[in-house]
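Below is one structure, written out as structure tokens; comments come after it.
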Amino acid sequence: MSDETRLIHAGKAAGALAKTVGPPIQKGSTVLLPNADALYDDANHLTYGRAGLAAQAALQDALAVLEGAVGVSLYPSGIAAIAGTLMAMLKAGDEILVVDNVYKPVRRFCDNVLKRFGVAVTYFDPGTPPGTLVAGASTAVRMILMESPGSLSLEMQDTPRIAELARERGILTAIDNTWGAGLLFKPLAHGIDLSIQALTKYVGGHSDVFMGSAAARDPVLVRKLADGVNHMGWAVSGEDAYAMLRGLRTLPLRLEKQGANGLRVAHWLRDQPEIAQVLHPALPDFPDHELWARDFSGACGLFSFVLKPAPDVAVNAFLDTLKLFGLGFSWGGFESLAIVCDPQLKVRRHAHDYGGPLIRLHIGLEHPDDLIADLRRGLDAYARLAG
Ligand SMILES: *Cc1c(COP(=O)(O)O)cnc(C)c1O
């Protein structure tokens with residue numbers, strides 16, 4: 001044979017691989033089938049690499065264990081997981097009720113895409129009592145999308161009760177459980193139909209990979225999610241799936257440490273004269289603390305606080321003085337971050353006046369004493385300009 005032919009057929013993947021602790025990272029679009037019968041036997045064979053190979057399958061299995069799910073679909077980002085879930089479950093003529101504190105890009109998807117495809121979107125105040133919410137739903141409502149705690153202002157919904165009442169009316173419930181990370185809160189065990197996460201945040205844990213997941217127990221919903229991914233042509237890479245699997249190994253340790261560090265910082269902030277209010281679900285005076293204490297096994301490192309009213313220059317001086325806190329969106333990594341939330345709150349239908357600038361902190365794995373010293377320097381800079 002000529003070199004051309006030999007170079008195409010030499011160096012193919014070995015048959016049996018050495019067994020390592022983690023799955024192999026397979027790269028492949030084409031999957032070679034064992035015989036002609038297998039070519040169209042989708043039920044028994046993986047026939048194309050887009051559906052994911054060894055690392056993606058291992059991640060799906062591990063997430064199913066974490067979520068207590070029958071099946072988990074993977075998406076190229078957290079926002080794709082939410083968009084994909086809604087696209088898989090809704091059709092023209094349906095209505096969806098979306099909590100008003102929802103992650104802002106989800107609102108963008110609902111307003112720009114869902115509405116264009118004939119799905120009506122109604123935003124409900126996170127404080128709406130479950131009975132009022134479900135009783136007030138029109139007959140077109142097919143799904144309720146929750147986010148609890150909300151990722152800026154931490155409001156919670158009584159999600160198990162909403163799920164229970166919605167089920168009686170044949171309405172699906174879905175939750176963005178990125179704050180709970182599949183670990184601190186178990187949506188499926190609490191009766192919620194669809195548990196969605198931005199794995200980008202705590203599961204990845206290192207601020208360097210995008211991915212999302214949607215998990216379900218009902219095999220019909222599991223199938224719909226998987227079909228939805230297939231129809232849209234979404235795929236995640238083996239390298240990224242491997243990175244997520246690596247993150248999962250230390251998720252409980254990181255969450256425990258970051259949750260404890262966060263609570264330390266939250267308690268300290270509460271005693272500072274520049275602070276009007278600390279919004280952290282684990283603080284007993286947090287308005288929704290009872291819901292958190294009932295349903296959650298812990299807290300992550302994400303919470304917010306309200307500064308006493310001051311001009312923007314004082315707020316910016318606070319943020320610009322911080323050295324250990326990066327100024328950036330996203331969260332869930334090993335490092336601390338801070339943002340001011342106020343511009344994002346303006347899009348809400350049911351605005352809440354916090355009485356001062358709302359700052360969100362993500363607490364990382366630094367020593368809390370160092371973070372506290374950094375925040376004190378920032379508050380000093382704020383106080384000088386607050387007047
Ligand atoms: C970041 C985030 C998402 C989206 O995740 P991406 O991977 O960035 O698309 C969804 N929900 C919440 C609450 C988030 O914080």
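As the structure lists them, so they are numbered: ligands from 1, and atoms in each ligand from 1.
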Review item, side-chain donor-acceptor pairs of residues 241-251, under 3.5 Å, at least two apart:
unit_1 : atom_1 : unit_2 : atom_2 : d
Thr250 : OG1    : Gly247 : O      : 3.4
Thr250 : OG1    : Arg254 : NE     : 3.0

>> Quick one, Asp227 with Asn230, criterion side-chain hydrogen bond (donor to acceptor under 3.5 Å, both in side chains). Give me CA distance, side-chain angles, the key distance, then yes/no.
In response: CA-CA 5 Å; Asp227 284 348; Asn230 195 18; 5.4 Å; no

Enumerate, atom names and distances included, each donor-acceptor pair closer than 3.5 Å involving a side-chain atom of residues 307-323, sequence neighbours excluded.
unit_1 : atom_1 : unit_2 : atom_2 : d
Lys308 : NZ     : Pro273 : O      : 2.6
Thr321 : OG1    : Ala317 : O      : 2.6

>> Is any side-chain heavy atom of Val134 closer than 4.5 Å to one of Ile144?
In response: yes

>> Taking Glu147's backbone N and O only, do any of them form a donor-acceptor pair with Gln157's side chain (distance below 3.5 Å, no angle check)?
In response: yes

Sub-3.5 Å pairs, protein N or O with ligand 1 N or O:
unit_1   : atom_1 : unit_2 : atom_2 : d
ligand 1 : 7 (O)  : Gly78  : N      : 2.7
ligand 1 : 7 (O)  : Thr200 : OG1    : 2.6
ligand 1 : 9 (O)  : Gly78  : N      : 3.1
ligand 1 : 9 (O)  : Ile79  : N      : 2.8
ligand 1 : 11 (N) : Asp176 : OD2    : 2.6
ligand 1 : 15 (O) : Lys201 : NZ     : 2.6
ligand 1 : 15 (O) : Trp331 : NE1    : 2.9

> For residues 114-137, which residue pairs qualify under ring-ring contact (aromatic ring centres under 6.0 Å, His included), counting only residues two or more places apart or in two chains?
Replying inline: none

